[in-house]
Undergrad: 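Just passing along the structure, written as structure tokens.
Just so you know, these numbers use all the heavy atoms, side chains as well, and skip hydrogens, waters and symmetry mates.
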Amino acid sequence: MNYQHWLQDAAAQLSHRSSDQSSIDNNPKRDAEILLEHITGRSRTYLIAFGETLLTDEEHQRLDDLLARRMQGEPIAYIVGEKEFWSLPLTVSPATLIPRPDTECLVEKALALLPETAPETVPQILDLGTGTGAIALALASERRDCQVTGVDINPEAVALAQYNLQKCNSARHGVGNSARQQTINNVTFLQSDWFSAVSDRQFHMIVSNPPYIDEHDSHLFEGDVRFEPATALIASQNGLADLQAIVEQARDFLLPNGWLLLEHGWKQGAVVRELFLEKGYHQVATFQDYGGNERITVGRWNKNETHSEL
């Protein structure tokens, strides 16, 4: 069988699988291409241009094995061990969430709110629950004038984030001279239960994509999330416990006029805004993801009594 025929057959099978049609990456054609790229080591362009290339028996068997796993709903990122985020090639594992495209909206908003650097100032950014390191690495790659710290309670996640830092730098080595192609040397990853490892520090910006799904949410039994770590997904108090804790505790770790940015569920915008306002933040606003759902809420903290802008 050649590349073209395998892609057609695999895409057809994935299109007609009876279960799990709510996967975050439910794109049968693209899934088939990713599997074929992974096994053959060929680029997508090559697969299309040379579709008549024959598969070896070993390649065919390995592809069938991977396709069977995808047919059972296992996330494509876990199957191939990689997911691109902000054009960064990140290794993923079942110890961490799979980076979602909508989380790039959090990166975009953070970049928009970060101040221009004064010569004597190095903006400090904290990424809570860093997981694969996706958010921290994206921000560090874009703002080389900032120092980014990513923390996670899971030591496996911290090790993976550190590995992804090395991987991103290896991928960039010797390629061009633009800022995004230079070595990322302004990010550090630490094991920490939220703020425990940075208790003596303050930051210009704190960002987080914490657990925010209610334990009774039916979506936990659908799609890719069935395979992802529950501790990175589920929060008590109807999914609000971690969001509430971060909003409250972040005040002690933000510099005057520092920003807190949180990703949350698409129905949680109103209640998260209220959490910010109750704790004295100002300039509170919620922004939509690529699907038009409320996804990112931000607020600014000022330590004077009125919490007004300086």
Undergrad: Is there a side-chain contact between Gln283 and Val298 in this structure, where contact means two heavy atoms from C-beta onward sitting under 4.5 Å apart?
TA: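 With C-beta onward as the side chain, the pair stays apart.
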
Undergrad: Hydrophobic clustering (ILVMFWY, side-chain heavy atoms < 4.5 Å, transitive) - are Ile213 and Ile153 grouped together?
TA: no

Undergrad: Hey, what do you get for CZ (Arg42) to CG (Leu36), rounding to the nearest 0.5 Å?
TA: 10.5 Å

Undergrad: Is the closest side-chain heavy-atom distance between Met71 and Gln13 below 4.5 Å?
TA: yes

Undergrad: If you define the side chain from C-beta out and look only at heavy atoms, does anything of Leu63 sit under 4.5 Å from Trp6?
TA: yes

Undergrad: In the structure I gave you, are the side-chain heavy atoms of Val207 and Leu128 within less than 4.5 Å of one another anywhere?
TA: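 They are not in side-chain contact.
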
Undergrad: So, does Arg300 use its side chain to make a donor-acceptor pair with the main chain of Leu260 at under 3.5 Å?
TA: no

Undergrad: Using every non-hydrogen atom in the two residues, find where Ser141 and Ile184 come nearest and quote the distance to one decimal.
TA: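 Minimum heavy-atom contact is CB-CD1, 3.9 Å.
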
Undergrad: Can a donor-acceptor pair be found between the side chains of Thr103 and Glu263 at a distance below 3.5 Å?
TA: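 Side chains of Thr103 and Glu263: pair found under 3.5 Å.
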
Undergrad: Please assess Glu59 against Arg62 for the test salt bridge (Lys or Arg N to Asp or Glu O under 4.0 Å), listing each intermediate value before the final yes or no.
TA: CA-CA 5 Å; Glu59 288 173 336; Arg62 292 173 64 194; over 6 Å; no

Undergrad: Taking atom CD of Glu156 as the centre, report whether more than 12 heavy atoms of other residues, nucleotides or ligands fall under 6.0 Å from it.
TA: no

Undergrad: So do Leu243 and Pro210 actually touch side chain to side chain, heavy atoms under 4.5 Å?
TA: yes

Undergrad: Find the distance between CG (Leu88) and CG (Leu137) and round it off to the nearest 0.5 Å.
TA: 6.5 Å

Undergrad: Looking at Tyr78, I'd like to know if its OH atom is crowded, meaning that more than 12 non-hydrogen atoms belonging to other residues, nucleotides or ligands lie closer than 6.0 Å.
TA: yes

Undergrad: Could you tell me whether the side chain of Gln268 and the main chain of Gly265 form a donor-acceptor pair under 3.5 Å?
TA: yes

Undergrad: Is the closest side-chain heavy-atom distance between Val198 and Phe203 below 4.5 Å?
TA: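 Yes. Closest side-chain heavy atoms under 4.5 Å.
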
Undergrad: Check whether Arg143 reaches the backbone of Ala140 with its side chain - one donor and one acceptor, N or O, closer than 3.5 Å.
TA: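 No; judged by distance alone, with no hydrogens or angles, the pair does not exist.
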
Undergrad: I'd like to know if the side chain of Arg44 and the backbone of Ile48 have a donor-acceptor N/O pair within less than 3.5 Å.
TA: no

Undergrad: Can you get from Val284 to Leu240 by hopping between Ile, Leu, Val, Met, Phe, Trp and Tyr side chains that sit under 4.5 Å apart?
TA: yes

Undergrad: Do Glu104 and Lys109 sit within salt-bridge range, that is, some charged N less than 4.0 Å from a carboxylate O?
TA: no

Undergrad: Could you check whether Asp9 and His5, counting side-chain N and O atoms only, form a donor-acceptor pair closer than 3.5 Å?
TA: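 No donor-acceptor contact under 3.5 Å links the two side chains.
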
Undergrad: Can a cation-pi geometry be assigned to Arg273 and Phe276, taking NZ or CZ under 6.0 Å from the six-membered ring centre and within 45° of the ring axis?
TA: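 The answer is no, since Arg273 fails at least one limit relative to Phe276.
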
Undergrad: With a 4.5 Å cut-off on side-chain heavy-atom distances among I, L, V, M, F, W and Y, is there a chain of contacts connecting Leu97 to Tyr290?
TA: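 No, separate clusters.
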
Undergrad: Quick one about Arg295 and Gln288 (side-chain donor to acceptor, distance below 3.5 Å, no hydrogens or angles considered), yes or no?
TA: no

Undergrad: Between Thr121 (side chain only) and Pro123 (backbone N and O only), is there a donor and an acceptor less than 3.5 Å apart?
TA: no

Undergrad: What verdict does the side-chain contact (heavy atoms from CB on, under 4.5 Å) test give for Asp242 and Trp194, after you've listed the backbone C-alpha separation in whole Å, the side-chain angles of each residue and the deciding distance to 0.1 Å?
TA: CA-CA 9 Å; Asp242 290 313; Trp194 293 138; 3.6 Å; yes

Undergrad: May I have the step-by-step check of side-chain contact (heavy atoms from CB on, under 4.5 Å) for Gln202 and Leu254, ending in yes or no?
TA: CA-CA 5 Å; Gln202 289 187 304; Leu254 283 169; over 6 Å; no

Undergrad: Does a donor on one side chain sit under 3.5 Å from an acceptor on the other, for Thr286 and Thr297?
TA: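 Judged by distance alone, the side chains do pair up.
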
Undergrad: Tell me, yes or no, whether the heavy-atom count around Glu58 atom CD, taken from other residues, nucleotides or ligands under 6.0 Å, exceeds 12.
TA: no

Undergrad: Going through the distances and angles, do Thr149 and Thr188 end up as a side chain to side chain donor-acceptor pair (under 3.5 Å)?
TA: CA-CA 5 Å; Thr149 302; Thr188 304; 5.3 Å; no

Undergrad: Quick check for you: to the nearest 0.5 Å, what is the distance between Asn209 atom CG and Ile296 atom CD1?
TA: 7.5 Å

Undergrad: For Ser93 and Ala95, indicate whether the former's side chain and the latter's backbone hold a donor-acceptor pair under 3.5 Å.
TA: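 The answer is yes, because a donor-acceptor pair under 3.5 Å joins these two groups.
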
Undergrad: For a 4.5 angstrom cut-off between non-hydrogen side-chain atoms, does Pro211 reach Leu233?
TA: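 No, their side chains stay 4.5 Å or more apart.
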
Undergrad: Could you go through Lys279 and Glu274, starting from their C-alpha distance and side-chain angles, then the distance that decides it, and tell me whether this counts as salt bridge (Lys or Arg N to Asp or Glu O under 4.0 Å)?
TA: CA-CA 9 Å; Lys279 298 304 179 181; Glu274 188 60 30; over 6 Å; no

Undergrad: Is Leu54 reachable from Phe50 through a run of I, L, V, M, F, W or Y residues, each pair having side-chain heavy atoms under 4.5 Å apart?
TA: no

Undergrad: Of all heavy-atom pairs between Leu106 and Leu262, which one has the smallest distance, and what is that distance?
TA: CD1-N, 4.4 Å

Undergrad: Which residue, Thr130, Leu126, Val151, forms the side chain to side chain contact (heavy atoms under 4.5 Å, CB included) with Leu190?
TA: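 Of the listed options, the one satisfying the test is Val151.
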
Undergrad: For a side chain to side chain contact (heavy atoms under 4.5 Å, CB included) with Thr40, tell me which candidate from Leu55, Thr53, Leu35 qualifies.
TA: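 It is Leu55; the other options fail the test.
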
Undergrad: So, the side chain of Tyr281 versus the backbone of Val247: is there a donor-acceptor pair under 3.5 Å, distance only?
TA: yes

Undergrad: Drop me the distance from Glu108's CD to Asp289's CG, to the nearest 0.5 angstrom.
TA: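 So the CD of Glu108 and the CG of Asp289 are separated by 11.0 Å.
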
Undergrad: Please report the shortest heavy-atom distance between Asn257 and His282, naming the atom on each side.
TA: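 Looks like OD1-NE2, 3.8 Å.
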
Undergrad: Does Asn186 reach the main-chain N or O of Gln147 with its side chain, forming a donor-acceptor pair under 3.5 Å?
TA: no

Undergrad: Of all heavy-atom pairs between Ala32 and Leu14, which one has the smallest distance, and what is that distance?
TA: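 Shortest heavy-atom separation between Ala32 and Leu14 comes out as N-CD1, 4.2 Å.
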
Undergrad: Considering all heavy atoms of both residues, which atom of Phe85 and which atom of Ala138 are nearest to each other, and what is their separation?
TA: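 The answer is CE2-CB, 4.0 Å.
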
Undergrad: Could you measure the distance from the CG atom of Asn27 to the CD1 atom of Ile76? Nearest 0.5 Å is fine.
TA: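 That separation rounds to 10.0 Å.
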
Undergrad: Taking Asn164 for its side chain and Leu90 for its backbone only, find out whether a donor-acceptor pair lies under 3.5 Å.
TA: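 Judged by distance alone, no pair lies under 3.5 Å.
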
Undergrad: Are Leu165 and Tyr163 joined in one hydrophobic group, where the rule is that I, L, V, M, F, W and Y side chains link up if heavy atoms are under 4.5 Å apart?
TA: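 Not linked; separate clusters.
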
Undergrad: Measure the SG-CG distance between Cys146 and Leu114 for me, rounded to the nearest 0.5 Å.
TA: 5.0 Å

Undergrad: Testing the 3.5 Å rule here: is there a donor-acceptor pair between the side chains of Trp86 and Glu142?
TA: yes

Undergrad: Can you tell me if Thr96 uses its side chain to pair, donor with acceptor, with the backbone of Gly131 under 3.5 Å?
TA: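 Not confirmed, Thr96 side chain does not pair with Gly131 backbone.
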
Undergrad: Less than 3.5 Å apart, any donor N or O on the side chain of Asp65 or Gln61 sitting next to an acceptor on the other?
TA: yes

Undergrad: Show, in sequence, the C-alpha distance, side-chain angles and deciding distance for Phe195 and Phe253, and conclude whether the ring-ring contact (aromatic ring centres under 6.0 Å, His included) test is met.
TA: CA-CA 8 Å; Phe195 298 95; Phe253 300 92; 4.3 Å; yes

Undergrad: Hey, does Glu294 have a side-chain heavy atom less than 4.5 Å from the side chain of Trp266?
TA: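 The answer is no; the side chains never approach within 4.5 Å.
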
Undergrad: Can you name the nearest heavy-atom pair linking Glu37 to Ser43, along with the distance?
TA: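 That closest heavy-atom pairing would be CG-C, 4.3 Å.
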
Undergrad: With Thr91, which of Lys167, Gln166, Lys83 fulfils side-chain hydrogen bond (donor to acceptor under 3.5 Å, both in side chains)?
TA: Lys167

